[in-house]
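Throughout, protein chains are lettered first and strands after them, A, B, ... in sequence-line order, and every chain is numbered starting at 1. None of these values were measured; they are calculated from a predicted model.
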2 protein chains.
Amino acid sequence: MTGVSNHSTPANDSTNWVAHASATLAQRRTRKSSARTAIVASLATQDCCASAQEIHTRLRNNGSSIGIASVYRTLELLHHCGLVTRVDTGDGSARFEPANPDGEHHHHLICNACGNVEAFHDDALEAAIHAVSNRVVFRITAHEVALRGACQNCR
Amino acid sequence: MTGVSNHSTPANDSTNWVAHASATLAQRRTRKSSARTAIVASLATQDCCASAQEIHTRLRNNGSSIGIASVYRTLELLHHCGLVTRVDTGDGSARFEPANPDGEHHHHLICNACGNVEAFHDDALEAAIHAVSNRVVFRITAHEVALRGACQNCR
DNA sequence: TTGTTTGCAAACCTTTTGCACGTTA
DNA sequence: TAACGTGCAAAAGGTTTGCAAACAA
């Protein structure tokens with residue numbers, strides 16, 4: 001993770017997230033299926049966001065015969081359950097990453113030259129967003145910040 | 001404009017922006033064409049961001065015979081010249097709005113229920129983003145903030 | 001068994017591209 | 001006139017949907 005501060009380790013987060021996702025899906029009336037299990041496991045391995053197509057390719061490369069439609073349907077389900085965050089990087093496709101149960105999250109640095117995406121976190125920024133959220137007429141439930149420019153290789 | 005603070009009036013901004021856009025395009029080797037003139041004029045009437053399809057429809061409704069391809073090509077040109085900001089609201093299409101020459105800009109409140117988009121501005125948020133931008137390894141040239149939730153009608 | 005979930009293929013929608021024609025300088 | 005810009009139509013992605021077969025409870 002690039003940026004101002006780090007939080008807990010990815011490995012620990014991933015393990016917790018898989019368990020949290022399983023529990024949340026179990027609470028719903030959803031059935032246990034190999035496709036969903038595989039997608040949840042695959043999401044947990046990500047450092048940052050990935051597109052549906054990338055997740056699909058990753059699973060097929062690992063021997064799965066999952067269809068792209070199931071990837072989209074499962075991502076929609078996970079997003080609806082608050083288990084996944086949807087990120088728009090402006091490359092014409094949506095990207096997805098696991099959402100931490102405790103609300104801990106990061107934002108994104110996007111390279112306009114090569115499309116590289118990295119994560120960052122900043123407490124002051126979160127505080128400013130929180131303050132704005134309390135002041136506007138909308139009832140805010142989520143937020144996204146994207147910083148665009150040139151990455152270390154492209155600058 | 002919804003939110004914490006207002007800045008200069010839309011009418012004044014629009015007029016300035018059309019002049020600024022014309023001047024900027026003239027500096028490039030671009031030719032004056034009716035399609036580009038119409039698109040610039042149409043963009044200037046927007047309160048907030050609009051999709052290419054919406055801009056196209058608006059122009060056709062006003063009697064123009066412009067093609068959708070010209071709308072996309074012109075928006076790309078304007079974006080490349082820094083005259084237009086591209087906004088991703090997550091509805092599957094990019095949205096566009098005039099970019100002020102002085103860097104003055106706003107961010108967006110997006111209603112998850114009805115898709116309504118409104119603008120807001122907050123100085124503390126800008127300051128926080130500026131501070132982060134100076135600290136990360138990327139060289140940041142632009143930023144976007146999206147606050148999601150329920151609008152006044154849907155909350 | 002019964003309703004859910006799946007993979008495939010087709011459909012859909014946004015955006016891009018090829019091309020012949022019109023327009024600008 | 002020579003290059004640039006346009007509208008149209010076709011192509012190219014990404015995403016969604018219809019459906020019969022596979023699967024979980």
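A heavy-atom distance below 4.0 Å to DNA chain C is reached by these residues of residues 66-89 of chain B, ordered by number: B:A69, B:Y72, B:R73.
Sorted by first and then second residue, the pairs that involve residues 80-93 of chain A and meet salt bridge (Lys or Arg N to Asp or Glu O under 4.0 Å), not counting sequence neighbours, are A:D91-A:R95. Every pair tested for salt bridge (Lys or Arg N to Asp or Glu O under 4.0 Å) that includes a residue from residues 30-44 of chain A fails, sequence neighbours excluded, so the list is empty. Sequence neighbours left out, the pairs with a member in residues 143-155 of chain A that pass side chain to side chain donor-acceptor pair (under 3.5 Å) are A:H105-A:H143, A:H107-A:H143, A:E126-A:H143, A:E144-B:R148, A:R148-B:E144.
Contacts of B:T141 classified as side-chain contact (heavy atoms from CB on, under 4.5 Å), with partners at least two apart in sequence or in another chain: A:N112. Looking at residues two or more places apart in sequence or on another chain, you find no side-chain contact (heavy atoms from CB on, under 4.5 Å) involving B:A26. Partners of A:D102 according to the side-chain contact (heavy atoms from CB on, under 4.5 Å) rule, which considers only residues two or more places apart in sequence or in another chain, are A:N100, A:E104.
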Donor-acceptor list for residues 70-79 of chain B side chains, cut-off 3.5 Å, not counting sequence neighbours:
from  : atom 1 : to    : atom 2 : distance (Å)
B:Y72 : OH     : B:Q53 : NE2    : 3.4
B:T74 : OG1    : B:S70 : O      : 2.9

Show me the donor-acceptor pairs, under 3.5 Å and distance only, between side chains in residues 37-45 of chain A and residues at least two apart or in other chains.
from  : atom 1 : to    : atom 2 : distance (Å)
A:T37 : OG1    : A:S33 : O      : 2.9
A:S42 : OG     : A:R58 : NH1    : 2.6
A:T45 : OG1    : A:S42 : O      : 2.6

Protein-nucleic acid N or O pairs under 3.5 Å, nucleotides 21-25 of chain D:
from   : atom 1 : to    : atom 2 : distance (Å)
D:dA24 : N3     : A:R31 : NH1    : 2.9

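The two atoms that bring A:C48 and A:H106 nearest to each other are SG-NE2, 4.1 Å, heavy atoms only.
Taking five base pairs at each end of the helix from C:dT1-D:dA25 to C:dA25-D:dT1, the local helix axes there meet at an angle of 30°, rounded to 10°.
Taken from NE2 in B:H20 to CG in B:L25, the straight-line distance is 9.0 Å, to the nearest 0.5 Å.
The nearest whole Å value for the distance from the NE2 atom in B:H56 to the P atom in D:dT6 is 12 Å. D:dC4 atom C1' lies 15 Å from atom CZ of B:R28, rounded to whole Å. Per the geometry, CZ belonging to B:R36 stands 11 Å off P belonging to D:dC4, to the nearest Å. For the pair B:I39 CD1 and D:dG5 C1', the interatomic distance rounds to 11 Å; values are reported in whole Å.
Between B:R29 and D:dC4 there is no side-chain N or O to OP1 or OP2 distance below 4.0 Å.
Extent of DNA chain C lying under 4.0 Å from chain A heavy atoms, first and last nucleotide in 5' to 3' order, is C:dG3 to C:dC8.
The closest donor-acceptor contact from the side chain of A:W17 to the backbone of A:L83 lies under 3.5 Å.
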